[in-house]
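This structure is a prediction, so every number in the text was calculated from the model and none was measured. Numbered from 1 within each chain, the chains take letters A, B, ... in sequence-line order.
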2 protein chains.
Amino acid sequence: MVSIKDIAKKAGVSISTVSYALNGSNKVTDETSSKILAIAKELNYVPNAAARTLKKRESKILGVFLTDFSGDVYGDLLSGMKTVCNAQGYDLIVCSGKQSHRMLPERMIDGAVILDHTFASEELLQYADRGHKIVVLDRELHHPNINQVLLDNKAGATLAMEHLIELGHTKIYVVTGPEGSFDSAQRMKAVRQVTEREANVEWIEIVGDFEKSGGEQAAELIIQEYTRPAAVFCLNDEMAIGLCNRLAESELQIGRDIDVIGFDNIELSKYVQPRLVTIDYSKRKWGSLAAEQLIKIIAGEPVDHERIYVTLVEGGSVCRQVPQDIPFPIRHERVVSS
Amino acid sequence: MVSIKDIAKKAGVSISTVSYALNGSNKVTDETSSKILAIAKELNYVPNAAARTLKKRESKILGVFLTDFSGDVYGDLLSGMKTVCNAQGYDLIVCSGKQSHRMLPERMIDGAVILDHTFASEELLQYADRGHKIVVLDRELHHPNINQVLLDNKAGATLAMEHLIELGHTKIYVVTGPEGSFDSAQRMKAVRQVTEREANVEWIEIVGDFEKSGGEQAAELIIQEYTRPAAVFCLNDEMAIGLCNRLAESELQIGRDIDVIGFDNIELSKYVQPRLVTIDYSKRKWGSLAAEQLIKIIAGEPVDHERIYVTLVEGGSVCRQVPQDIPFPIRHERVVSS
DNA sequence: TTGTAAGCGTTATCAA
DNA sequence: TTGATAACGCTTACAA
């Protein structure tokens, strides 16, 4: 490995002169500087990141932690983060899994964006106490070294519920996320608030898991006890799509016999038939804002907590309810079980 | 920041003793060792990654480089890689973009898996020459420090073409990937080989880009000059889905008037109507094999190049061609242009 | 403008 | 079994 020592030797100067030249300092003559640069290039010199990080006590790398790599939500989110990071002279790395948590305390990265419930909040607070900078996307946490950039879950869930109620629904199934999910809890809170205001609206909670399988299981339940009209608010699209898949095998037609609404507007939701009604937000914006906030707190600049706004996306999975006199017959014994 | 120096001072021993104790060496008494460990815990000691990497000349981190974060292919691939990495004591980080290339030469990572055409092959060869270990997933490259784990593109494309030919097709549109894509070039080579064997099969090349938009544009062309029977082999699913989307707006019915086949079996292809016929392979296997190979070449173990096998997935987007006497009329002026 | 030297936090060699 | 010490490659006062 060629180091600045090798360059110094070859150029007949000291290592500090080499360091200055390499870093574009004006403390050194253009002449010596260009000579050093030429030699560096000739020797294929590449600085050693570990040495630089050790000395400067910063790596200029930011990390984002995800529960897993397979979420559809992540593409634009990461892309938004990367754009901001690169523009500000930072590199971005994506990490997942317990093992990689050490990157933050061991100072491999200068800061972390967390969208990963496998980080305990106490763990994050501990890191923050030791001076590490963190932006959380999946919980509320108050600490001078932690900033939050959260979805407006409440607005989204309210939008979804009110949409269904407005169309005439009085019985709404709500399929939740897994226990401990912040997003799920926030969305549920909004569901409760809306239904408290609306005396004639009944809602039934079905515990889900934010995965397709949870939606499928919810569909089973709903098919069993179906009475029309019925509507389902799945607290994310993944479950909504699982639910639609299962429903498609039954006699219930989505958007006619049963209305479905999701949350997240993942790409797939455009492709299910009929198009899934869902809550949309800019994943790219979410990412870029998170990165911006992280870089700011690293720089010691003051930041406020940020919120990502949401909108409702229309589609065929929800339909105005007209009073029906002909009850739709369901013969349970004929329901196809996949 | 608390370092081993602080622990040494508090424990009344030297830093080397602390280092030994912390690393579980048996050169030190259980008594002193446990005392040191207790103090380390009490002081919230966390080792400094940069210092360790600098000294040991290895980071125990592997990097995987992707062109962008938004591919559907990546979820399982990364997950497979991570599993292997973690089991072998390595951490995995995901990187994207020109800026992050430096991670390898600057020795932030011990090796790299490349699925990113923004790396020039000369660049990779240069790194390999300097002793860096690399596994490539998107090109052929021969160097003692480079290993390849490639899809069996040839088998996949042959499977697809033969499937269409077997069903009676004699005119096949082939929508390619972008220029310079290794996968596209390999798949095209197989297309040519198959058609050379089959004298009565005509094929028409349409240059694509591996994106949905490329498929849409190809659809326009095909709709314009449509004569039945027609079949399209899109060299990846993304384009096949773009093509299907555009076709759905026309009068041509997929799987009846026109057959479509893709490559990759991304999740979306399950959801398009009718289900896309495509070439499948285990993305998880691909990732785990890549990680295994990388770790082996880092350890100096000999490795052979590996190949990922493929299969054909059936679906409704392809249908047996029966001789038709009634020509299907297309009125170009009525084609809906989105 | 350039050089000397200290130090970042480890590991590891060699003595004691 | 433990301790002094050099070294990893770099940055940066401070001195010349």
Heavy atoms, side chains only, cut-off 4.5 Å: are [X] and [Y] in contact?
X       : Y       : result
R57(A)  : R107(A) : no
D116(A) : L66(A)  : no
L62(A)  : I109(A) : no

Looking across every strand, which nucleic acid part, if any, lies under 4.0 Å from [X] by heavy atom: base, sugar-phosphate, or nothing?
X      : result
V46(B) : sugar-phosphate
S19(A) : base
S3(B)  : sugar-phosphate

*Would you call E58(A) and R52(A) a salt bridge, taking side-chain N to carboxylate O under 4.0 Å as the test?*
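Between R52(A) and E58(A) there is no salt bridge, as every charged N stays at least 4.0 Å from the carboxylate O atoms.
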
*For the pair D91(A) and R102(B), find out whether any cationic side-chain nitrogen is under 4.0 Å from an anionic carboxylate oxygen.*
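R102(B) and D91(A): salt-bridged.
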
Could you check how far [atom1] of [X] sits from [atom2] of [N], rounded to whole Å?
X       : N       : atom1 : atom2 : value
K5(A)   : dA6(D)  : NZ    : P     : 13 Å
I4(B)   : dA7(D)  : CD1   : P     : 17 Å
I15(A)  : dA13(D) : CD1   : P     : 15 Å
K60(A)  : dT11(D) : NZ    : P     : 14 Å
R107(B) : dG9(D)  : CZ    : C1'   : 12 Å

*What does the inter-axis angle of the helix from dT1(C)-dA16(D) to dA16(C)-dT1(D) come out as, five pairs per end, nearest 10 degrees?*
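Angle reported: 40°, given to the nearest ten degrees.
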
*Give me the residues of residues 50-59 of chain A where at least one heavy atom lies under 4.0 Å from an atom of DNA chain C, by number, or none.*
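Nucleic-acid contacts, sorted: L54(A), K55(A), R57(A).
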
Please identify each residue that fulfils side chain to side chain donor-acceptor pair (under 3.5 Å) with [X], with sequence neighbours left out.
X       : value
N48(A)  : none
H143(B) : D129(B)
S181(A) : none
Q186(A) : N153(A)

_Quick check on contacts: within residues 32-40 of chain A, what sits under 4.0 Å from DNA chain D by heavy-atom distance?_
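Of all residues in residues 32-40 of chain A, none places a heavy atom under 4.0 Å from DNA chain D.
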
*Check ring-ring contact (aromatic ring centres under 6.0 Å, His included) between Y281(A) and all other residues, then give those that pass, not counting sequence neighbours.*
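With neighbours one apart ignored, the set is W286(A).
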
*Which residues satisfy the ring-ring contact (aromatic ring centres under 6.0 Å, His included) test with F65(A), sequence neighbours excluded?*
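Partners of F65(A) by the ring-ring contact (aromatic ring centres under 6.0 Å, His included) criterion, ordered by chain and then number, come out as F119(A).
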
*How would you list, by chain and number, every residue that makes a salt bridge (charged side-chain N to carboxylate O under 4.0 Å, His left out) with E267(B), sequence neighbours excluded?*
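Here the qualifying residues are K212(A).
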
*Any side-chain N or O of S14(B) under 4.0 Å from OP1/OP2 of dT2(D)?*
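Looking at the OP1 and OP2 atoms of dT2(D), neither is under 4.0 Å from any side-chain N or O of S14(B).
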
*Begin with the C-alpha distance, continue with both residues' side-chain angles, and end with the deciding distance and a verdict on side-chain hydrogen bond (donor to acceptor under 3.5 Å, both in side chains) for S79(A) and R284(A).*
CA-CA 7 Å; S79(A) 169; R284(A) 169 170 288 277; 2.5 Å; yes

*For residues 132-141 of chain B, pull every pair meeting side-chain hydrogen bond (donor to acceptor under 3.5 Å, both in side chains), keeping only residues two or more places apart or in separate chains.*
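side-chain hydrogen bond (donor to acceptor under 3.5 Å, both in side chains) check on residues 132-141 of chain B returns S121(B)-R139(B), K133(B)-N145(B).
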
*First contact, last contact: which nucleotides of DNA chain C are these for chain B, 5' to 3', heavy-atom distance under 4.0 Å?*
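It runs dC8(C) to dT13(C).
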
*With DNA chain D as reference, determine whether N26(B) or L22(A) sits nearer its 5' end, using the nearest nucleotide of each.*
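Result of the comparison: N26(B).
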
